Amino acid sequence: MVRDDLADAGHANFETKTLESDDEMEWEEVDVLQDDPKDSGLPTQNVEVILEQSTQKQKKRVGGDPVQRKLRLEAHKTHTVALLASFSLRNRWINDPLLHARLLSLTPLPLQMSFSMIHKKTEPDASRRTRLFQTACFKLTEWWQSFFHVIKGKGMRSRTFLEVETQRIQNEKQSIADLKGKGKVRTANSEEPPWSDRVRSAKSLMKHALLQKGSADTSALLFTALCRALDVPARLVVSLQSVPWSSKSETLKTDVGASPLHNGGTQDEVIVRKKRSRPRDRNARVVLPRASSTEPPLEGWPPVIWTEVFSRPEGRWIPIDPIRYLVDKKKLFEPPANCRVNRMMYVVAFEEDGYARDVTLRYAKEFAAKTAKARALTKRGQSEWWQRIISMLTRPYRLHRDDVEDGELESLQYIEGMPTSINGFKDHPIYALERHLRRDEIIHPMKEIGIFRGEPVYSRSSVQRVRTAETWIREGKVIREGQQPLKRIVKRAHTINRKRALELAKTESPEVPTLGVYAEWQTELYVPEPVVDGRIPKNDFGNINLFVSSMLPAGAVHLPFQGISKVAKEIGIDFAPAVTGFEFRKGHANPIISGIVVAEENQELIVSAYWESVQANQEAENLKRRERVLRRWSKLILGLQVRKRLQEEYGGSENKVDEAETPQVSSDTEAHTLRDASLGNTT
DNA sequence: GTGTTTGATGTTCCTTTGTAGTGC
DNA sequence: AGCACTACTTTGGAACATCAAACA
């Protein structure tokens, strides 16, 4: 699955590249044509191209560009997966025994002792053990602060899509320049980025441990390794700094075609020329607010990587940030919402055994209202994509502590409280507002659980999907007797016939026809009429509806074999073609018929007859093929005989030409014939 | 500055049982 | 004759999502 995703992502990347280059080429073409239309002598076709381009340009100027949006989303996903892989690897590195040994050798013995001391045998009181453990954590953290020198201004940080793009194009240019200039030497480009330590293996980590300095990220990696070395279960917790996909979070602005003076006027902004070679981007400018992009993560701010240690006496995970001297302060790990260098979207905890868990809920204060919305969304606000990704790293079996943690995280959702904005209620897992209800949703029961700006707030669990009776039967359900529709919706027509009927109705009465819709609890399972005397109940079309398996009548069986209806007809037993769905083509709904439904007692009879007919068909087919093959063979042999005779009678001394001459039967046909013959022989 | 509304545009979902003509 | 296959009459249209700009 991972490979799939990566492949997808790679594909997307490739696509965009080709798209881009296509764009470029087309643009160049336009320019040439505009400059000198008569030159090439190509008439109307090119004019069309120009028109196409101009409309595209207009589309791009107004609103979001769908290609761009898809690209962003793909980039976000790919980046997230790549980050996960990267940290999965780092999580393995920090298990290195040699690294553990090195770290232990550098750790003062009393500190080591303070952890190993805590044991049920030596200290039977759980609350005392808890306190001892906390104290040990504090001590270790304190020591780490003096031991490890954190180099300021280094470390992973979030960058927006545009920043990355700009960087990428710059790099490309640089590498091209390098190639042109010095040939193979590419020192400038292959240098590590200024914001990160170069950590390539457990060995580099060891080096940093010995030097006792490095970025905040390296510090976190080493601290986690140390905890593991001390036999304290420790997780490497990472807040993945994926490229944001939403252009809303892109605090940068691109003004295509805006006047430079207009943008340049404000003093607080640094104007960066977008590095693009395309002519249309000549006026494109990127406006970067000064405070953000150039500055590294600020001192005293939440880290991107930190450690969670497992407190055995309490049975829970405790976050530790040694740089800020924080133990068990989970509320202080979320960066402010407007922070551009550190965005909390996915917080993943990697455990010693290599598995990982999503622990975002523990740290994000407004998870449902805000954090979850920054993630890659798929359908109906559900980020199932992420579920799929994280499930690949999830431990296949569950530990007791997993259950405990899930309970904790779930309860956190409820503690989160109401969103602070109207938008926060949209797709919120716990709360709902009436204004955000979809066409096919209702609130039942209408129990207010709060008020937000004068609007009643309801529980998400009381939001129910409603459907028409017609739609419910597709699920094999019917409306219970005496149930009244909860809501009425405007009728819509989707096939030509229905549309005509609707038009007709409109001319007769001016009022809009509506349909009643019902909730699931108003329905019951549809029980079809049973089979009586081998007779299958049929609908007006002579079929039987079998949208779900529960719609099969008692005493009947479904035989989903192609062409079986013919056999049933020949035998003369009662049957009904099974309609399992509909297919929409050319404004018509066509039933999808898969096999037939017959009475149970006829099953054996018809199935054996069916197999017989299938076999008979196969035999007939084989016979036909055999005949065909034999015909071809006789034709070939006859041809050869004729040829031989002709050569004997008239060929004379020209016999030598034979070899050069191609035979009358082409080699292609021959091959076919031979293959057919062999097939014919085997059957 | 934040959050909301509004308008424009793109995307997705919902839909839910033909017929005449041709060729084998 | 009877069956299978195909083209044509077209299939949107509203809800929803997203974005930028205006506004409170």
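What you see is a predicted model, and the numbers here were worked out from it, not measured in a lab. Here is the naming used below: chain letters follow the sequence lines, and residue numbers restart at 1 for every chain.
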Subject >> Side-chain H-bond candidate by donor/acceptor type, A:S459 with A:S462, under 3.5 Å >> reply: no
Original post:
Between the axis at one end of the helix from B:dT2-C:dA24 to B:dC14-C:dG12 and the axis at the other (five pairs apiece), what's the angle to 10 degrees?
Top reply: 20°
Subject >> Pairing partner of C:dT9 (Watson-Crick or G-U wobble, both distances under 3.5 Å) >> reply: none
Subject >> Near-parallel close stack of A:F582 and B:dT15 base (under 5.5 Å, under 30°) >> reply: no
**OP:** Would you indicate, yes or no, if B:dT17 has its OP1 or OP2 atom less than 4.0 angstrom from a side-chain nitrogen or oxygen of A:N539?
**Re:** no
**OP:** Give a yes-or-no answer on whether the side chains of A:S239 and A:R343 include a donor-acceptor pair shorter than 3.5 Å.
**Re:** no
Original post:
Looking at DNA chain B, which of residues 588-598 of chain A put a heavy atom within less than 4.0 Å of it?
Top reply: A:H588, A:A589, A:N590, A:P591
**OP:** Over all heavy atoms of both residues, which pair between A:A599 and A:G534 is shortest? Give the atoms and the distance, please.
**Re:** CB-CA, 3.6 Å
Subject >> Chi class for C:dT11: syn within 90° of 0, otherwise anti >> reply: syn
Original post:
Would you find a donor on one side and an acceptor on the other, under 3.5 Å apart, between the side chain of A:Q522 and the backbone of A:A519?
Top reply: yes
Output side-chain donor-acceptor pairs under 3.5 Å for residues 565-576 of chain A, partner residues at least two apart or in another chain, one line each.
{"unit_1": "A:D574", "atom_1": "OD1", "unit_2": "A:K538", "atom_2": "NZ", "d": "3.1"}
{"unit_1": "A:D574", "atom_1": "OD2", "unit_2": "A:I536", "atom_2": "N", "d": "2.7"}
{"unit_1": "A:D574", "atom_1": "OD2", "unit_2": "A:K538", "atom_2": "NZ", "d": "3.2"}

Subject >> Which residues share a side chain to side chain contact (heavy atoms under 4.5 Å, CB included) with A:L361, sequence neighbours left out >> reply: A:F367, A:L409, A:Q413
Subject >> With sequence neighbours excluded, residues passing ring pair (Phe, Tyr, Trp, His ring centres under 6.0 Å) with A:Y363 >> reply: A:W306, A:F333
Taking only N/O atoms, report every protein-nucleotides 1-7 of chain B pair under 3.5 Å with atom names and distance.
{"unit_1": "B:dT4", "atom_1": "OP1", "unit_2": "A:I422", "atom_2": "N", "d": "2.6"}
{"unit_1": "B:dT4", "atom_1": "OP1", "unit_2": "A:R453", "atom_2": "NH1", "d": "2.9"}
{"unit_1": "B:dT5", "atom_1": "OP2", "unit_2": "A:R435", "atom_2": "NH1", "d": "3.4"}

Original post:
Judged by atom type as modelled, is there a donor-acceptor pair below 3.5 Å linking the side chain of A:E334 to the main-chain atoms of A:K365?
Top reply: yes
Subject >> Cationic tip of A:R72 above A:W245 ring, under 6.0 Å, 45° of axis >> reply: no
Original post:
Would you say A:R492 reaches C:dT11's phosphate, i.e. side-chain N/O to OP1/OP2 under 4.0 Å?
Top reply: no
Original post:
Contact class for A:R498 vs. all strands (heavy atom < 4.0 Å): base, sugar-phosphate, or nothing?
Top reply: sugar-phosphate
